[in-house]
Amino acid sequence: MEQVRVRFAPSPTGPLHIGGVRTALYNYLFAKKNGGTFILRIEDTDQTRFVEGAEEYIMESLKWCGIVVDEGIREGGNYGPYRQSDKKTIYRQYADILIDKGDAYYAFDTPEKLESLRSESEKAGKTFIYNAEAREKLINSVSLKEVEWREKLDKGEPFVIRFKMPHNEDIHFDDIIRGHIVVNTGTLDDKVLFKSDGMPTYHLAHLVDDHLMEISHVIRGEEWLPSLPLHIMLYRSFGWNPPLFAHLPLLLKPDGKGKLSKRDGDKMGFPVFPLFWPYGETAKGYREDGYYPEPFINMLALLGWNPGTEQEIFSMDELINTFSIDRVGKSGSRFDPEKAKWFNHQYLQKRTNTQLAIEFREFLRAHGYHFDIIRLETLIGLVKERVSFVKDIWEQTDFFFKAPEIYDQEVVKKRWKEDSAGLLLELKSILENTVDFSAAATELVIKAWIEKNGYNTGAIMNALRLLIVGTLRGPHMFDIISWIGKDETLKRIDKGVTLLSK
RNA sequence: GGUCCAUUCGUCUAGUGGCUAGGACGUCAGGUUUUCAUCCUGGUAACAGGGGUUCGAUUCCCCUAUGGACUACCA
């Protein structure tokens with residue numbers, strides 16, 4: 001089998017959508033699975049849509065995801081340049097080849113003229129299409145005499161180069177995911193290959209580049225499927241062997257219909273981009289929302305592909321080993337933010353307490369608390385399994401760092417009885433005399449005291465929790481008082497008894 | 001409108017010419033827990049509709065419906 005070479009070829013028009021990330025991921029997995037090369041090519045032939053910073057953003061995003069580029073602008077390679085605008089002069093030569101062969105022609109109609117033809121047709125209930133029929137009536141090197149169009153060229157009139165789509169011919173082609181497809185050229189139009197601004201369109205540029213870069217498989221979004229017949233025709237005109245094609249299904253919005261957009265994320269509170277986008281209209285990213293790259297990738301990989309087993313958790317290496325294009329689904333996948341959270345939970349559980357302590361310490365610093373790793377490790381051990389993100393740890397542990405300001409009135413009503421103050425003060429004196437304040441030791445002492453006096457365990461412990469935490473939540477009571485320590489425990493009991501006895 | 005693509009639990013999906021149509025997320029119920037959460041166990045829930053082909057179709061074919069993409073001198 002020939003060398004596998006695949007590319008991810010985004011345009012630098014803004015932040016990278018997760019649909020794009022998934023396309024990059026599948027290209028990457030396919031390349032690595034087959035010992036091939038993953039290429040990053042920047043398609044910036046539309047000068048009007050260029051956005052500052054987008055190119056860097058794309059590279060940083062892939063890096064964060066753990067998708068390693070083999071050939072590209074930063075990495076170099078023998079098939080450069082990897083940015084289309086850096087080699088714009090070559091595309092005209094290829095357009096000329098087609099003109100010489102009679103498969104393309106110069107067209108001089110202005111965009112305004114074509115636009116008015118389009119709207120006229122629409123009014124008449126018809127669709128204007130620049131095809132074999134129309135081109136005879138328009139101004140181009142097919143309808144004009146040679147001296148006429150040559151003169152226009154010499155005068156420097158603006159022109160585009162269009163592909164001369166045959167009349168009525170069935171084009172047969174195959175897609176790895178969708179199988180055999182037949183399209184009649186009669187429904188296709190004479191697509192612009194080369195624009196009047198001197199740049200090629202996507203159709204010409206990507207095809208020339210794919211050929212020159214010896215791309216073996218084109219794996220791209222489904223939105224390109226309708227133009228595949230044109231691309232097949234172009235390969236035929238050039239006399240080149242086309243690569244194999246795989247068109248990926250779309251990522252759809254969580255509710256309703258249509259493809260996933262930034263709007264959906266904003267509306268429902270989840271990111272649609274891997275990283276924070278700092279330019280113009282900002283957009284939040286998975287990284288800043290506290291997701292780890294591994295679960296993000298894991299989740300994305302399974303959206304449209306599955307290995308046919310019941311395994312859900314995959315490392316990048318496992319994905320590479322298991323990936324296969326024939327197991328990519330045909331239909332669009334609705335994105336589920338809940339499942340993304342679940343994946344992050346799974347990966348967070350696998351982190352060590354030390355790793356999490358280091359990450360959480362950063363978070364605490366921002367809140368003005370400074371603790372050493374050892375102490376935080378213990379704390380994290382108590383709450384780890386109940387959190388999905390590092391930022392969740394704070395919500396689970398805020399009362400470790402500060403005494404409650406208010407007491408949950410519902411709980412007070414239910415758990416703070418006439419005799420509670422007396423019992424808690426009695427409990428306080430027991431604790432005062434306890435030297436070993438480990439959870440195990442205090443548990444032993446308190447339970448013995450409860451049993452000896454025939455007290456109700458639930459009543460005591462819930463009242464204690466109310467004073468220490470402020471409400472009924474959190475890990476085991478004895479773990480909490482052990483961590484905050486004897487002094488703080490006694491202080492909180494005092495404070496609570498005083499406030500609630502008023 | 002035209003062209004093309006798609007359709008299995010709410011969601012992601014597995015699957016086969018004959019199965020109790022499987023798993024995961026969510027949800028619901030029980031259990032564990034002095035609280036909350038986690039966790040464990042269990043339940044709920046799907047082959048879009050209609051025609052064929054066939055002894056038999058979720059599976060193969062056709063039609064319809066629905067959804068989607070494309071229909072630019074954007075990619």
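Reminder, nothing fancy here: chain letters follow the sequence lines and each chain counts from 1.
Contacts classified as side chain to side chain donor-acceptor pair (under 3.5 Å) and involving residues 402-417 of chain A (residues at least two apart or in different chains) are given here: A/Asp408-A/Thr471.
Aromatic ring orientation, A/Phe323 versus A/Tyr26: tilted (interplanar angle from 30° to 60°). Ring geometry for A/Phe314 versus A/Trp305: interplanar angle over 60°, hence perpendicular rather than tilted (30 to 60°). In this structure, A/Tyr202 and A/Trp224 have parallel ring planes: the angle between them is below the 30° cut-off, well short of the 60° mark. Note: A/Trp483 and A/Phe400 have perpendicular aromatic rings, judged against thresholds of 30 and 60 degrees for the angle between ring planes.
Of the candidates B/A37, B/G22, B/A75, B/A37 carries the atom nearest the A/Glu385 side chain, counting heavy atoms from C-beta on.
Using atom C1' as the reference point in both B/A48 and B/C9, the two lie 14 Å apart (nearest Å).
Taking the ring centroids of A/Phe270 and A/Phe335, they lie under the 6.0 Å cut-off.
Screening A/Tyr347, A/Tyr286, A/Tyr291, A/Phe343 for a ring pair (Phe, Tyr, Trp, His ring centres under 6.0 Å) involving A/Phe296 leaves a single residue, A/Tyr286.
OP1 or OP2 of B/A75 sits under 4.0 Å from a side-chain N or O of A/Thr45. One finds no side-chain N or O of A/Arg220 lying less than 4.0 angstrom from the OP1 or OP2 phosphate oxygen of B/A69.
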Return the polar atom pairs (N/O with N/O) between nucleotides 42-44 of chain B and the protein under 3.5 Å, or none.
none

- Query: Reading nucleotides 5-12 of chain B 5' to 3', which nucleotides get B (base under 4.0 Å from a protein heavy atom), which S (sugar-phosphate only), which -?
  - Reply: SSS---SB
